[in-house]
Visitor: 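Just passing along the structure, written as structure tokens.
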Amino acid sequence: MKILDKLLGPSRTNRPLPSYRPFYVERFTALATRLTDVLFRNVQLHVAEECNLGSHRKIVIYCNHPSFWDPVILATIHRVMLPDHAPFTPIDETALKRHWYFHGLGFFGIPLSSTAGYRRFREVFDATVSHPEKSCFIVTPQGRFSNNLIRPIVLQRGLSGALMKTESDLCVVPLALDYSHSQASGRSASALLGGPVNWKQYQAQSDGLSKLHRELERRLEIVLDQLMKRSSP
């Protein structure tokens, strides 16, 4: 641990939150930004007019998961949009073991599609939204790589379940990611941050969980359709 502290900087968190090392996050996101410049000929980030993330201390971003490039693009978006927010992100625990360099960046491993995975998800979610510092919980609730053309979008229920139980003041926004490649223009990436979801209205409803879950799916589908329309030639 002392060696990691010297190499990556000390962690600002303890369990149940995953390790978050600001120095390492800053270095990693800077590298991710440079990688996007090298790997992508064109990178575009669109933000809805009503999406003012800078005015919120606690933010939840949920997005589709079309490519293994997603962590690089998300790191770049974090650096541009939310440099003062500590990021926390669930990932398949086997993938976290394989991609060891995600340790210290706020990633935490969960066993997918299991009760233990849901408990760990809820544990870190609740700790994140009650963390005294500015924080951002980033999740890809499809749970696996997905084709952007498939409709309807289907999300796992971890996020909607966590939102139904929290009392924290959160800004929840959908984020759509899309990629394209051609011989003429090379590799391109685009992203669209949608407006906040009015999730609190569902907490007092008897069937609020199902309604909120459908609303999260609907809103992500809308921003993804908008983004793909922007990206089409």
Side-chain angles (χ1 to χ4, degrees), residues 12-20 51 53 55-65 70-71 74 77-78 81-82 85-93 95-96 102 105-144 146 152-177 193-224:
R12 293 259 289 269
T13 55
N14 297 298
R15 281 189 67 92
L17 284 174
S19 176
Y20 165 67
C51 183
L53 297 186
S55 62
H56 298 276
R57 292 186 58 81
K58 301 296 178 182
I59 297 167
V60 175
I61 296 176
Y62 72 102
C63 62
N64 61 316
H65 193 15
D70 295 348
L74 289 170
I77 292 173
H78 174 265
M81 298 289 296
L82 299 166
H85 287 68
F88 299 102
T89 304
I91 186 174
D92 176 19
E93 63 180 3
L96 185 59
F102 283 159
L105 298 172
F107 284 86
F108 63 98
I110 60 172
L112 297 180
S113 302
S114 69
T115 301
Y118 179 68
R119 284 200 301 266
R120 178 60 175 154
F121 178 91
R122 282 295 308 278
E123 181 184 44
V124 178
F125 180 91
D126 293 341
T128 298
V129 300
S130 61
H131 190 48
E133 299 183 18
K134 291 182 178 180
S135 59
C136 178
F137 194 86
I138 305 172
V139 59
T140 54
Q142 287 171 303
R144 58 183 61 84
S146 58
I153 287 179
V154 177
L155 306 181
Q156 297 182 347
R157 291 184 174 268
L159 177 58
S160 53
L163 290 174
M164 287 295 291
K165 296 293 182 64
T166 187
E167 297 180 359
S168 298
D169 184 18
L170 306 175
C171 177
V172 179
V173 295
L175 169 66
L177 302 175
L193 271 165
V197 177
N198 185 14
W199 57 274
K200 283 190 175 182
Q201 64 176 317
Y202 299 100
Q203 287 186 323
Q205 302 179 20
S206 58
D207 57 347
L209 176 59
S210 295
K211 287 184 177 179
L212 172 58
H213 189 75
R214 289 195 296 269
E215 179 65 4
L216 292 175
E217 291 176 330
R218 186 184 74 86
R219 290 292 300 277
L220 181 56
E221 192 169 299
I222 287 174
V223 294
L224 182 55

Visitor: Look up atom CD in Glu133 and atom NZ in Lys58, then write down how far apart they are to the nearest 0.5 Å.
Guide: 8.0 Å
Visitor: Which heavy atom of Glu93 sits nearest a heavy atom of Pro111, and at what distance?
Guide: OE2-CB, 3.6 Å
Visitor: Between atom CG of Asp92 and atom CZ of Arg144, what is the distance when rounded to the nearest 0.5 Å?
Guide: 10.5 Å
Visitor: Taking Leu209's backbone N and O only, do any of them form a donor-acceptor pair with Ser160's side chain (distance below 3.5 Å, no angle check)?
Guide: no
Visitor: Find the distance between CG (Leu224) and CZ (Arg219) and round it off to the nearest 0.5 Å.
Guide: 13.5 Å
Visitor: Side chain to side chain contact (heavy atoms under 4.5 Å, CB included) for His85 and Leu53? Distances and angles first, verdict last.
Guide: CA-CA 10 Å; His85 287 68; Leu53 297 186; over 6 Å; no
Visitor: Name all pairs fulfilling the ring pair (Phe, Tyr, Trp, His ring centres under 6.0 Å) condition that reach into residues 198-224, sequence neighbours left out, sorted by first residue then second.
Guide: none
Visitor: Evaluate the side chain to side chain contact (heavy atoms under 4.5 Å, CB included) criterion for residues Lys200 and Asp169: first the C-alpha distance (whole Å), next the side-chain angles of each, then the deciding distance (0.1 Å), finally the verdict.
Guide: CA-CA 9 Å; Lys200 283 190 175 182; Asp169 184 18; 3.9 Å; yes
Visitor: Please give me the minimum heavy-atom distance between Gly195 and Cys51, naming the atom from each residue.
Guide: CA-CB, 4.4 Å
Visitor: Say whether, by atom type as modelled, one donor and one acceptor occur between the side chain of Tyr62 and the main chain of Leu159 under 3.5 angstrom.
Guide: no
Visitor: For Leu155 and Gln142, which heavy atoms make the closest approach, and how far apart are they?
Guide: CD2-CG, 3.7 Å
Visitor: Do Arg57 side-chain atoms and Pro132 backbone N/O form a donor-acceptor pair below 3.5 Å?
Guide: yes
Visitor: Checking Gln203 side chain against Leu163 main chain: does a donor-acceptor pair fall under 3.5 Å?
Guide: yes
Visitor: Kindly compute the distance separating CG (Leu177) from CG (Asp70), expressed to the nearest 0.5 Å.
Guide: 5.0 Å
Visitor: Which heavy atom in Ile110 sits nearest to a heavy atom in Gly117, and how many Å separate them?
Guide: CG2-O, 3.9 Å
Visitor: Do Pro87 and Tyr20 touch side chain to side chain, with heavy atoms closer than 4.5 Å?
Guide: yes
Visitor: Looking at every non-hydrogen atom in both residues, tell me the closest pair between Leu82 and Cys136 and how far apart they are.
Guide: CD1-SG, 3.7 Å
Visitor: Would you give the length of the straight line joining atom CD1 of Ile61 to atom CD1 of Ile138, rounded to the nearest 0.5 angstrom?
Guide: 5.0 Å
Visitor: Does any part of the side chain of Pro18, heavy atoms only, come nearer than 4.5 Å to the side chain of Phe88, both counted from C-beta?
Guide: yes
Visitor: Give a yes or no on whether the backbone of Thr128 and the side-chain of Ser135 come within a donor-acceptor separation of less than 3.5 Å.
Guide: yes
Visitor: Atom NE2 of His56 and atom SG of Cys171: how far apart are they, to the nearest 0.5 Å?
Guide: 4.0 Å
Visitor: Among pairs that include at least one residue of residues 205-215, which meet salt bridge (charged side-chain N to carboxylate O under 4.0 Å, His left out), considering only residues two or more places apart or in two chains?
Guide: Asp207-Lys211, Glu215-Arg218
Visitor: If a pair satisfies ring pair (Phe, Tyr, Trp, His ring centres under 6.0 Å) and one of its residues is in residues 110-134, list it, with sequence neighbours excluded.
Guide: Phe121-Phe137, Phe125-Phe137
Visitor: Any idea which heavy atoms bring Val124 and Pro16 closest together, and the distance?
Guide: CG2-O, 3.5 Å
Visitor: So do Arg122 and Asp126 actually touch side chain to side chain, heavy atoms under 4.5 Å?
Guide: yes
